[in-house]
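Okay, so here's the structure we're looking at.
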Amino acid sequence: MSITIYSAPGCVRCRVVKQFLNERGLRFQDRDALGDGKAAFRSFYQNNRQKIFRGPEGVEFPIYYDDDVIRQGLPAVVAHLIGGPALNGFFKPGRLHGQWLDGIHISDGASARGGDLLEVLTYLKKQSFKIRIDTNGVNADLLASVLEHGLADRVIMEVKGPLNLYDLLLQQPVDPAEIEKSIALVSKCSDYGFVTTIAPVVRQKGDPGQISYITPAEVAEAANLIKKAAGDNRQPYRLMFFDPESAADEKLRTLEALTQNALFKYRSEARKHQFKTEILAD
Amino acid sequence: MTYPSVYPTGATVYLPDQCWCGYTIFQAKELGTLLIDMNGREVRLWKGLHGFPNKLFPDGHVLGHTGERNTKYGIQDYRDLLQLDWDGNIVWKFSAYEYIEDFGEEPQWMARVHHDYQREGNPVGYFTPGMNPRIDGGNTLLLGHKNLVCKEISDKPLLDDTIYEVTWDGDLVWEWVCSEHFEQFGFREDAKNIICRDPNMRPTGGGMGDWMHLNSMSTLGPNRWYDAGDERFHPANIITDGRETNIIFIVSKETGDIVWKVGPNYDETPQLKELGWIIGQHHAHMVPRGLPGEGHILVFDNGGWAGYGAPNPGSPIGAKNALRDYSRVLEFDPLTLKIIWQYTPAEAGLVHPTDSNRFYSPFISSVQRLPNGNTLIAEGSGGRIIEVTADHRVVWEYISPYWGKHFKMNMVYRAYRVPYEWVPQLERPRETAIAPIDVTTFRVPGAAPGGAEVEVAVEGTLPYQSSSALCVVSDADEED
């Protein structure tokens, strides 16, 4: 197995990955994707376009390739080198720049591999990065460990909805106590926030199924859930638009997007329990 | 601005057969909401009811606020908007716009409303035939505040303006945030530069830039421009104006975009030059359908100091770089910008510019078109409310006798005339004419009458020149 790292000049994250490989005694080929290795990267990109995330500001480096696996971004590459594919669920493309690392979703990975995740985060933290952790409340014990070890500088929790809709929204069984525990943990962080995406819920499967957006009353229940679990009604709570066009589930792509004005009703209802609720434009 | 130390207050002029008679409502400084008749009789005081502004609706309903946020933390943030019945009972109230927690203060919801609001049924908040504001339902538009940072404007914290709409049940259903449209206002680079460095910073709350300072807000209502196919003048669109930027503009209710404006620059077209540089204006609105001048823009163009731009001798850093020491009331066509009617020092009979500052309110003030074509003007800083005819005669004048204890002025932010029919609780008042006093012969008790006791004829003196021949040029100078 040969390892190739596609990097960019002056990319600190690329340097950290190369340092990690050297520390582990792993040999690799370094390709400057914007310099000498430009042609090679272009060919690699064209052959693997579907696997490489391209954000609004371009392709994120470093990109790891070992003849089989492609991993992109510092956290995901280090995680792969430490824990292999079993850690994949924890990592998604990041959007933050500079000293901040994000795209780390604590609820989406296998909790049994929590030890490996802690090792990844510990390594990244030692490189002086600041880490944003995202959660939807699942894997509360793992979140507790991360916080206990001081591995999160900012935590954003997506409260998917009221507890009675959580199973439907996540399409998996959820322990309500775990969600409440996560809310309580998050609310004790120094830098944190809660968000709810006004998303569609598949209320009844089948053909035709029953799909509708969560309602303002349900968002009020979610706000009340935060109030009860966090202990007050002044939590930083944001409501987000759902973009049907980018939905993973094809059935949801035909839904009509909510308008800005429609979200005001949600905000009004949420503010009954969380006074600081705002609408997040982006 | 040459006020004598002694002068009458209350009603000073009243010519009943030339007035559009009714009651006048205004906020008496640090006293409450005052309703007076044409003779200045104080027929009702809602004591302590704040008004920014007060408005009177049919059936004697009055609108105002319970109070203002502690000024250590906010600027002109009124806590709520109330509708009270004639007896002061709350009919409707809104406050739940933002939850405010100020140090040492009781945490509470606040409307953060300032300067204006409009109730469904009437576009401008004053009497318009066939368009009464609703008193038993309907949505309300409020001009509000929001603190935020907008790097596009400045790195300093901003006190931004918002316009929001709430239902009778208190649901917020529409919101517009001014800073989100910064690029649509047409600031030149020199203006952007000074806004960035000093967005009208106020020391309150650790410092915040009141960069735009919207001070009026109303809908256009039905109008001939829209009827002719001009979508910019959709009846639901909102006209507002920024005191600090000298801009009057219309916001599309549908998209939030700025679809029509004058300012911030008045030197870019011959029409704008002819209109003249509007400065620190107040109460810009479209005269509603059914009133003389319908479809025209009516505004109290304060003068004073406002705007951002290139430094000049009166503005060393370019802040408040437009200056003028007299006011103008303008009615102009929104398409041609042609001035249709105006009341300026010239129409007031003052020699310009030497006596122009006697019609001058550098802040606040308002203007209302009345059904008979008269115009009610609050020359706010001096607490003077006048009704003038289309041919510029003052047929009613009132000077507020209420000076503040904290802010020692008798200022009147805004005044509205309402028909007697809107106050069915009162008998129609007796109207007693007040003829204008000849000030050349008027004397206070103890003062000697006019006229020299002895006249001495001096040989060789010439008659006085008809021209002013002053140290400065005035409009009394004669041309060759």
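Values in this document were obtained by computation on a predicted structure and should not be read as measured data. Quick note on labels: first sequence line is chain A, next is B, and so on, each numbered from 1.
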Under a 4.5 Å heavy-atom criterion, the part of residues 267-276 of chain A in contact with chain B comprises A/R267, A/S268, A/R271, A/F275, A/K276
Please report the interatomic distance CD1(A/I279) to CG(B/L172), rounded to the nearest 0.5 Å. 8.0 Å
A/N261 CG to B/E175 CD distance, which is reported to the nearest 0.5 Å: 9.5 Å
Can you tell me if [atom1] on [X] sees more than 12 non-hydrogen neighbours from other groups inside 6.0 Å?
X      : atom1 : value
B/E254 : CD    : no
A/E256 : CD    : no
B/R197 : CZ    : yes

Can you confirm whether B/D171 sits close enough to A/K265 that some side-chain heavy atom of one is under 4.5 Å from a side-chain heavy atom of the other? yes
What residue pairs, at least two apart or across chains, pass salt bridge (charged side-chain N to carboxylate O under 4.0 Å, His left out) with a residue in residues 212-222 of chain A? A/R203-A/E218
Counting only non-hydrogen atoms closer than 4.5 Å, does A/Q260 touch chain B with its backbone (N, CA, C, O), its side chain (CB onward), both, or neither? neither
